[in-house]
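Note on naming: letters A, B, ... go to the chains in the order of the sequence lines (proteins, then strands), and numbering restarts at 1 for each one.
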Protein chains: 2
Amino acid sequence: MAPRKKATSVPNSPVSMADLARELGVSMTTVSRALSDHFSIGPEMKLKVQKLAKKYNYQPNRMASALRKGQSKLLGIIVPYLEGRFFPKVVRGMETAASRAGYNVVICQSNEDLTHERRNIESLLSAQVAGILVSVSRTTDDFRHFEKVRGRGLPLVFFDRMMPGDALNAVVLDDREGGYLATRHLLAQGGRRVAHFGGLQQLTIYRNRYQGYRDALAEAGLPVEEELTYFGDNTEEAGAEAMRRWLALPNPPDAVFAAGDYAALGAMQEAERQGLVVPTDMAVGGFSNETFTPIAKPSITTVDQRCDEMGQAAVRLLLELIDAQAQGLDFASRQLVLRPELIIRESSQRLGRLSPTPEPLADAAVQ
Amino acid sequence: MAPRKKATSVPNSPVSMADLARELGVSMTTVSRALSDHFSIGPEMKLKVQKLAKKYNYQPNRMASALRKGQSKLLGIIVPYLEGRFFPKVVRGMETAASRAGYNVVICQSNEDLTHERRNIESLLSAQVAGILVSVSRTTDDFRHFEKVRGRGLPLVFFDRMMPGDALNAVVLDDREGGYLATRHLLAQGGRRVAHFGGLQQLTIYRNRYQGYRDALAEAGLPVEEELTYFGDNTEEAGAEAMRRWLALPNPPDAVFAAGDYAALGAMQEAERQGLVVPTDMAVGGFSNETFTPIAKPSITTVDQRCDEMGQAAVRLLLELIDAQAQGLDFASRQLVLRPELIIRESSQRLGRLSPTPEPLADAAVQ
DNA sequence: TTGTAGGCGTTATCAC
DNA sequence: GTGATAACGCCTACAA
């Protein structure tokens with residue numbers, strides 16, 4: 001039996017196509033077609049149906065439609081976490097783009113954990129999402145769950161962090177370019193010995209930022225010195241620890257490019273604790289344009305990741321895939337690469353003047 | 001006909017209960033019951049079914065189940081926006097609690113706009129969510145769309161910002177208490193004339209923070225002076241503007257409690273630009289514990305909103321409502337009030353010592 | 001303890 | 001142009 005409550009207990013019970021059909025004395029087919037603007041329905045009939053639908057505030061039952069079509073109006077999103085600035089901003093862009101196209105987004109967090117990530121995939125498959133957007137967990141070294149998604153013919157788009165391979169759809173930042181721009185800038189500001197705080201090298205994004213660093217050094221004819229590189233988690237403590245090691249060297253660096261803003265901040269603070277002046281004695285550049293970077297004193301030079309664009313682009317790509325698949329077309333896999341933006345602030349500016357008024361925060365919010 | 005692709009194009013096509021039933025030579029009923037651990041099924045049969053389900057990696061089609069039961073495993077969330085620290089953190093807590101209970105969350109942004117909010121509601125109703133969590137848009141002054149949700153018998157929980165009325169389920173912060181604690185602290189630090197930067201007074205949260213401010217003044221036997229209050233958006237510029245006005249007074253304040261951290265920061269920076277020393281000449285307290293507050297120099301005293309708890313508590317309340325409704329029980333509406341936490345930092349500490357080492361960032365993240 | 005059958009709301013196919 | 005009907009996958013009242 002239908003588990004729905006009696007009409008008495010639920011006054012505004014949802015209206016179904018059958019209700020409209022009955023009231024108009026036509027068949028459900030007609031109603032369905034009129035609502036989806038099918039060509040075979042006469043214009044005056046269409047109008048009648050649509051007016052009644054509006055009157056009763058008819059909302060199609062998406063579950064029923066999804067069941068019938070094997071295709072819902074839901075997009076699944078898997079992010080490693082929802083802290084910091086990056087992922088919330090990307091998700092924000094995704095939700096905006098999705099809702100413009102009449103889709104809703106379902107969010108899952110993998111907590112940087114493979115097991116969670118697998119469960120997230122199952123859960124989204126079970127929810128019959130029309131496609132999945134995923135930024136791969138840091139600890140993921142087995143990618144069969146993603147293969148399974150593709151095996152089911154479900155469109156899949158990676159963003160920011162992708163699995164290895166070529167035949168993938170993805171939207172990523174040109175992290176190498178970001179590392180290159182930041183390092184070149186530090187060199188241009190008179191850096192002679194530029195150190196690098198690198199993220200964990202399992203993640204492509206961090207390998208690429210490191211590569212950009214090396215490219216910039218190579219371009220300047222400088223060697224990559226092992227003692228000037230440190231790899232760790234992007235945290236203040238790790239950044240401070242790296243700086244302590246560097247300052248204990250016989251020939252310490254005079255600039256540092258950190259692959260993350262938290263590490264940059266920690267390194268900067270440690271340098272100041274040890275009596276150095278930033279940027280004069282030690283220029284600092286970070287990565288991610290975290291909310292605090294324009295506020296820190298000195299404000300921190302960093303690389304912006306175009307979060308919103310990334311989210312919107314990923315959704316657009318996914319919707320194209322869904323469309324193509326609905327039409328039975330083959331779709332060559334595509335990788336979009338967004339260009340990062342170097343944001344120069346006080347922590348790296350040795351030459352030229354500092355801007356007299358600090359720039360306003362990008363993220364100002366009312367809450 | 002079934003719109004699904006042929007088996008050749010989709011090798012790992014999803015397995016249905018009918019498939020399992022056929023393979024085992026039993027009825028779908030048996031399979032269905034075995035999978036939901038129904039008492040009427042023998043243990044060895046249960047085992048057989050569950051093993052086969054595992055073998056084929058059977059995932060129930062939630063759309064079908066939802067359609068049948070009139071009840072999905074989706075929770076709808078409406079937030080005004082996904083920027084800043086607060087809402088992403090709350091959503092994070094919601095997703096965590098929801099996924100523990102086997103639910104997925106669907107996110108919508110209202111962009112602080114009534115029209116969007118109405119559309120969000122329609123969209124979630126259409127998606128057949130099992131319940132809705134909403135933080136009301138700032139511009140919303142018509143609440144019929146929420147009444148409609150309740151009219152449909154769909155559980156509704158407000159968080160942080162609720163609509164007016166009593167018979168509501170909600171999880172909110174005790175904003176009055178937060179304002180009171182912050183102001184009392186500023187007075188205890190020797191503030192004689194404490195100013196207040198207030199948010200837009202349409203929102204209850206800001207009215208309550210203002211009320212807390214007045215309560216603390218009253219307790220200290222001080223009057224509320226109109227020239228010491230300023231209302232505006234929580235932005236750096238507005239904070240700076242307020243401070244400019246106050247410093248132009250014949251008898252300027254020596255402390256300020258801002259209902260938002262961005263305004264607190266702006267006010268603090270403006271005071272420093274005018275040559276005052278924070279906290280000695282001007283003590284500053286904010287609200288929200290934004291990511292930048294521990295990093296600013298001086299670090300900013302603020303009120304933490306227990307975001308994660310709020311998200312989790314809201315989901316727990318919603319799930320209770322869903323449960324109660326499934327059992328046909330009546331559920332007295334309930335309002336949970338979370339106690340805020342005053343976080344004392346450098347911007348307000350005139351007495352006692354400043355902590356020698358700055359605390360680590362709460363939000364350190366790897367991205 | 002297990003099976004049969006009907007229906008949730010929508011849409012695609014076929015017939016008129 | 002329009003209508004009747006079957007099916008999507010699951011759940012459950014009822015029968016056996």
Side-chain angles (χ1 to χ4, degrees), chain A residues 1-7 10 13-49 53 56 58-73 125-128 130 152 326 328, chain B residues 1-6 10 13-49 53 56 58-73 125-128 130 152 326:
Chain A
M1 274 304 89
R4 207 189 322 142
K5 297 259 179 81
K6 289 191 285 285
V10 179
S13 80
V15 175
S16 78
M17 275 177 28
D19 299 324
L20 300 182
R22 199 172 324 113
E23 173 138 355
L24 285 171
V26 300
S27 78
M28 280 171 47
T29 313
T30 306
V31 174
S32 173
R33 284 178 174 163
L35 290 174
S36 50
D37 209 34
H38 194 274
F39 63 90
S40 74
I41 301 292
E44 71 291 351
M45 179 52 113
K46 261 184 202 165
L47 224 71
K48 265 203 333 206
V49 173
Y56 284 139
Y58 165 76
Q59 291 295 135
N61 183 328
R62 289 201 188 175
M63 293 289 160
S65 166
L67 177 59
R68 181 61 241 258
K69 300 204 289 187
Q71 175 76 253
S72 75
K73 282 290 194 180
L125 288 178
S126 180
Q128 312 294 120
R152 289 232 183 149
Chain B
M1 275 302 93
R4 208 192 316 146
K5 296 259 180 81
K6 289 192 286 284
V10 179
S13 80
V15 175
S16 80
M17 274 177 32
D19 300 325
L20 300 181
R22 199 171 326 112
E23 173 139 354
L24 286 169
V26 299
S27 77
M28 279 174 52
T29 314
T30 307
V31 175
S32 172
R33 286 177 172 164
L35 290 175
S36 52
D37 209 33
H38 194 274
F39 63 90
S40 74
I41 299 293
E44 70 290 350
M45 181 51 116
K46 262 184 201 164
L47 224 72
K48 263 202 335 204
V49 173
Y56 285 138
Y58 166 76
Q59 290 295 135
N61 183 329
R62 289 200 189 174
M63 294 286 160
S65 161
L67 178 59
R68 176 63 236 268
K69 301 204 289 189
Q71 176 74 252
S72 75
K73 285 288 193 179
L125 289 178
S126 181
Q128 311 293 120
R152 288 233 183 150

Distance (rounded to the nearest 0.5 Å) between B/Leu24 CG and B/Thr30 OG1: 9.5 Å
Point-to-point distance, once rounded to the nearest 0.5 Å, from CZ of A/Arg33 to CZ of A/Phe39: 8.0 Å
Residue pairs fulfilling salt bridge (charged side-chain N to carboxylate O under 4.0 Å, His left out) with at least one residue in residues 34-44 of chain B, sequence neighbours excluded: B/Asp37-B/Lys46
Residue closer to the 5' end of DNA chain D, A/Ala64 versus A/Glu44 (nearest nucleotide): A/Glu44
Distance-only donor-acceptor test, B/Thr29 side-chain atoms vs C/dT4 base atoms, 3.5 Å: yes
Nearest-Å distance for atom pair CD/C1', residues B/Gln128 and D/dC8: 16 Å
Restricting both atoms to N or O, compile the protein contacts to nucleotides 14-16 of chain D shorter than 3.5 Å, with distance only.
none

Donor-acceptor side-chain pairing of B/Ser32 and B/Thr29 below 3.5 angstrom: no
Between P of D/dC10 and NE2 of B/His38, the distance in whole Å: 17 Å
Minimal non-hydrogen separation, B/Met28 against B/Met17, with atom names: O-CE, 3.6 Å
Touch class at under 4.0 angstrom, heavy-atom based, for B/Met17 against every strand present: sugar-phosphate
Most 5' of A/Ser65 and B/Met45 on DNA chain C, judged by nearest nucleotide: B/Met45
Pair of N/O donor and acceptor under 3.5 Å linking C/dA12 base with A/Ser32 side chain: no
Spacing of B/Arg22 atom CZ relative to D/dG9 atom P, expressed in whole Å: 11 Å
Length of the line joining A/Met28:CE and C/dA12:P, which is rounded to integer Å: 12 Å
Rounded distance in Å - CE (B/Met63) to P (C/dT11): 13 Å
Nearest-angstrom distance from the residue atom CG of A/Leu24 to C1' of D/dT2: 14 Å
Options C/dG3, D/dG3, C/dA12, nucleotide nearest the side-chain atoms of B/Val26: C/dG3
Nucleotide nearest A/Pro60 when distance is taken to its side chain, options C/dT10, C/dT4, D/dG9: C/dT10
A/Lys69 NZ - D/dG9 P separation (whole Å): 16 Å
Considering all heavy atoms, the nearest A/Ser126-B/Pro60 contact: OG-O, 2.8 Å
Counterpart residues, side chain to side chain donor-acceptor pair (under 3.5 Å), relative to B/Ser36 (two or more places apart): none
Sugar-phosphate only, base, or nothing, as touched by A/Ile41 at under 4.0 Å among non-hydrogen atoms: sugar-phosphate
Nearest non-hydrogen partners of B/Ala34 and B/Ile41, listed with the distance: N-CG1, 4.0 Å
Presence of donor-acceptor pair under 3.5 Å, side chain of A/Arg68 and base of C/dT10: no
Phosphate OP1/OP2 of C/dT2: any B/Thr30 side-chain N/O under 4.0 Å: no
Distance, rounded to the nearest Å, where A/Gln59 contributes CD and C/dG9 contributes P: 15 Å
Touch class at under 4.0 angstrom, heavy-atom based, for B/Tyr58 against every strand present: sugar-phosphate
Sugar-phosphate only, base, or nothing, as touched by A/Ser40 at under 4.0 Å among non-hydrogen atoms: base
